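Single-structure report; data block below.
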Amino acid sequence: MSQLVTTATAQLRSALEQAMNRAMERGQLPQAPLPDFVLEVPADRSHGDWASNAAMVGARSFRMAPVKIAQAIQENLDLSGTYFQTCEIAGPGFLNFTYDPRFYGEVLQDIQRLGQEYGRSDYGQGKRVLVEFVSANPTGPMHIGNARGGVLGDALASVLDAAGYTVEREFYINDAGNQVNKFGVSLEARYLQLYKGEEAVPFPEDGYKGEDIIAHAKAFAELYGDKYVDAPEQERRQALVDYALPKNIQGLHDDLARYRVEYDNWFKESTLHENGAVNRVVELLKEKGATYEKEGALWFHGEAYGSEDFVLVRGNGVPTYVVPDIAYHYGKLVTRGFDLAIDVLGADHHGYVPRLKAALTALGVDADKLQVVLMQMVRLVRDGEIVKASKRSGKAITLVTLLDEVPVDAARFLFNSYEANTRIDFDLDLAVQQDSQNPVYYVQYAHARICSILKNLAADGIQPRACTAQELALLTAPEELELIRHLSSYTEEVQAAAKGMDPSKITRYVMNLSTLFHKFYNACRVKGSDEALQAARLCLCTATRTVLENGLALFKVTAPESM
């Protein structure tokens, strides 16, 4: 586990605090509580590697001009034993710090030592997290929004795992309730139409009109013939659903596996009805005094818990759709004991989340243990125009038809290039381009270029080797140092992505890493420099390759050795 940057900034914070205390002891600063200062990376790296506003925010505590405070800090600052070499005062009192050269060497040695483990940490302290995502309605094929949600949830789970959480991925199968009833009615109509004709059996207005419903009805008829034509309505519908729903669920399995999404759990909503969890959660809410009756229905007193009031059980005794969801999330956090439940949902769920959190609060659960990532819609673009249908079939583009057209690497990378709250215009032309305009190609090319360098050197009998600190200290070109600084920040970047539940940070990170590598490659010759410098630059190349591979692995994008 490597956290050199964390170690370095902890050293710097301690050195600054000691400097201020020393200045107070010597009377250079008046006795006062230490100011709450920050350490940050300057936007312009020519100012240094880290900067602090300690003198600026200290003006109030010490009642002195910031520049005077900065001078007192600088005079009393001891950086020996830290990863820092110099401290300079800039402008009205900012303090800028530069790394000691040994820091850069240790970064590369760390990456070489840790390999695939570089970037992992214990930030999450093993807390158990359940990430639920996609959970597409099993009554039809997955749409383009599920393509985005699949990558977002899967990559988020990977980032959390790398940051030290114990993570499980879950798909919630809506195999009960209104949508399954509608599925049964739709299948029934298509089945009966095969024997009685479309005029004799009108299709329900709100039924599912997809080709898949017709295909299921025909396949069912081939298997059972007219056996169910005169059967009781409920028996006929149940038989059709029992036949078609497992096939749809298997289809979800298969399509997501093709998209490199694998789940630990497939959780069926129907189990919540069968094991009494739905009824139990209603009784629990009653016991907590969080319900009331109005016009024959049972209502949840949402206003008392930061939400609006809403119906739990209708007058006919049937629970509303939100009740199984409350039971499901109560089960995640209480029955199954997860420390955190994360849902990746479409932006149209924004009104639903406060209801869920309010119900959990009423049940005595810390609602902050449920975190929801709301995801904006996706539009497909081709030739600069919005696309709604597949070129081949003329029908809406589904996850499967997208993957028939776009490589999985490109789909996963491009969908993970945006924060969840950003609307995506997914450029189908860009996704298949094989040049540096295509972000995934650009990053994969950086990896392939490093592999090519290593291959060419190996042909001349030159292999990467462990370098001494003195040899690594030869890496002094600005392009080399900038590249190593970026490599050093990878672990903290993974932690930031986990904390912000934003895996797109890693996509941007590997994009920037690729740019910095290309800059280094163009400025610094690896082969033909003196042997020690060549070995050090080769070490930098292999470290970059390792971090590119580790970053791409988080969203299951391949790192090809040649392009």
Side-chain angles (χ1 to χ4, degrees), residues 107-120 151 154-155 158 162 257-260 262 403 406-417 430-467 475 479-480 483-484 486-487 490 493-494 503 506-529 534-563:
V107 170
L108 298 181
Q109 288 171 332
D110 244 21
I111 297 169
Q112 191 170 45
R113 178 175 59 85
L114 291 164
Q116 289 182 346
E117 293 296 302
Y118 182 73
R120 299 187 67 83
V151 176
D154 200 31
S158 294
R258 181 181 169 190
Y259 199 35
R260 301 177 191 152
E262 300 281 352
L403 295 182
V406 172
V408 176
D409 278 346
R412 290 188 66 105
F413 193 97
L414 291 171
F415 276 125
N416 200 53
S417 298
L430 179 65
V432 295
Q433 265 178 238
Q434 297 207 347
D435 59 31
S436 60
Q437 294 300 305
N438 181 348
V440 67
Y441 184 93
Y442 180 74
V443 173
Q444 289 177 323
Y445 179 69
H447 182 268
R449 175 176 258 181
I450 296 168
C451 293
S452 174
I453 292 168
L454 296 173
K455 200 173 175 182
N456 290 337
L457 288 170
D460 293 338
I462 302 164
Q463 296 288 346
R465 63 170 176 79
C467 293
L475 300 172
E479 294 82 5
E480 293 167 333
L483 179 55
I484 300 170
H486 195 64
L487 292 169
Y490 178 61
E493 201 65 35
V494 173
I506 307 304
T507 320
R508 290 191 292 276
Y509 175 89
V510 294
M511 284 283 291
N512 291 335
L513 180 56
S514 302
T515 298
L516 292 173
F517 178 77
H518 292 313
K519 278 170 70 176
F520 155 75
Y521 177 83
N522 292 328
C524 303
R525 187 172 174 80
V526 178
K527 186 181 176 183
S529 38
Q534 177 179 270
R537 284 181 174 167
L538 205 47
C539 183
L540 178 51
C541 288
T542 56
T544 304
R545 180 182 64 172
T546 296
V547 177
L548 280 171
E549 288 170 357
N550 292 358
L552 289 172
L554 288 181
F555 28 102
K556 296 176 187 166
V557 172
T558 62
E561 294 191 6
S562 60
M563 305 264 305

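Owing to the predicted nature of the structure, the values given are computational and were not obtained by experimental measurement.
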Do Gln433 and Asp435 have a side chain donor and acceptor closer than 3.5 Å? yes
Got Val557 and Val408 here, is their nearest side-chain heavy-atom distance under 4.5 Å? no
Using side-chain heavy atoms (C-beta onward) and a distance below 4.5 Å, is Met563 in contact with Gln434? no
Tyr521 atom OH: more than 12 heavy-atom contacts under 6.0 Å: no
Which heavy-atom pair separates Thr507 from Ser417 by the least distance, and what is that distance? CG2-OG, 3.5 Å
When you check the gap from the basic side-chain N to the acidic O, do Arg508 and Glu493 get nearer than 4.0 Å? no
Closest contact, heavy atoms only, Val510 versus Gly551: CG1-CA, 4.0 Å
Would the distance check show the side chain of Arg412 and the main-chain N or O of Phe555 forming a donor-acceptor pair, the cut-off being under 3.5 Å? yes
Taking the side chain as every heavy atom from C-beta outward, state whether Ile462 and Leu538 have any pair of such atoms under 4.5 Å apart. yes
What I'd like to find out is whether the side chain of Leu487 reaches to under 4.5 Å of the side chain of Leu108, using heavy atoms alone. yes
Only one of Glu561, Glu549, Arg545 passes side-chain hydrogen bond (donor to acceptor under 3.5 Å, both in side chains) with His447; say which it is. Glu549
Smallest separation among heavy atoms of Ala257 and Glu262, with atom names: CB-OE2, 3.8 Å
Carefully, step by step, assess Asn456 and Lys527 under the rule side-chain contact (heavy atoms from CB on, under 4.5 Å). CA-CA 9 Å; Asn456 290 337; Lys527 186 181 176 183; 6.0 Å; no
Answer yes or no: is there a side-chain heavy-atom contact under 4.5 Å between Leu554 and Pro503? no
Heavy atoms, side chains only, cut-off 4.5 Å: are Leu516 and Glu479 in contact? no
If we ignore hydrogens and angles and just use 3.5 Å, is the side chain of Ser452 paired with the main-chain N or O of Ala448 as donor and acceptor? no
Mind checking the OH-OH spacing from Tyr118 to Tyr490? Nearest 0.5 Å is all I need. 9.5 Å
Under 6.0 Å between the ring centres of Tyr445 and Tyr442? no
Closest non-hydrogen atom pair between Asp154 and Arg260, with its separation: OD2-O, 3.3 Å
Is there side-chain contact between Val494 and Asn550, with at least one heavy-atom pair below 4.5 Å? no
Reported CG-to-SG distance for the pair Leu483 and Cys541, which is rounded to 0.5 angstrom: 8.5 Å
For Asn522 and His518, indicate whether the former's side chain and the latter's backbone hold a donor-acceptor pair under 3.5 Å. yes
Does Arg449 make a cation-pi contact with Phe517, if we ask for NZ or CZ under 6.0 Å from the ring centre and within 45° of the axis? no
Measuring from atom CZ of Arg258 to atom CG of Leu403, what distance do you get when rounded to the nearest 0.5 angstrom? 5.0 Å
Do Val151 and Tyr259 make a side-chain contact, defined as non-hydrogen atoms from C-beta onward lying under 4.5 Å apart? yes
To the nearest 0.5 Å, how far apart are CG in Asp409 and NZ in Lys556? 12.5 Å
CG of Leu430 to CG of Leu414, rounded to nearest 0.5 Å, is 6.0 Å
List the atom of Thr546, the atom of Gly115, and the distance in Å for their closest heavy-atom pair. CG2-O, 3.4 Å
Over all heavy atoms of both residues, which pair between Leu552 and Phe413 is shortest? Give the atoms and the distance, please. CD2-CE1, 4.0 Å
Roughly how far, to the nearest 0.5 Å, is SG of Cys467 from CG of Leu475? 8.0 Å
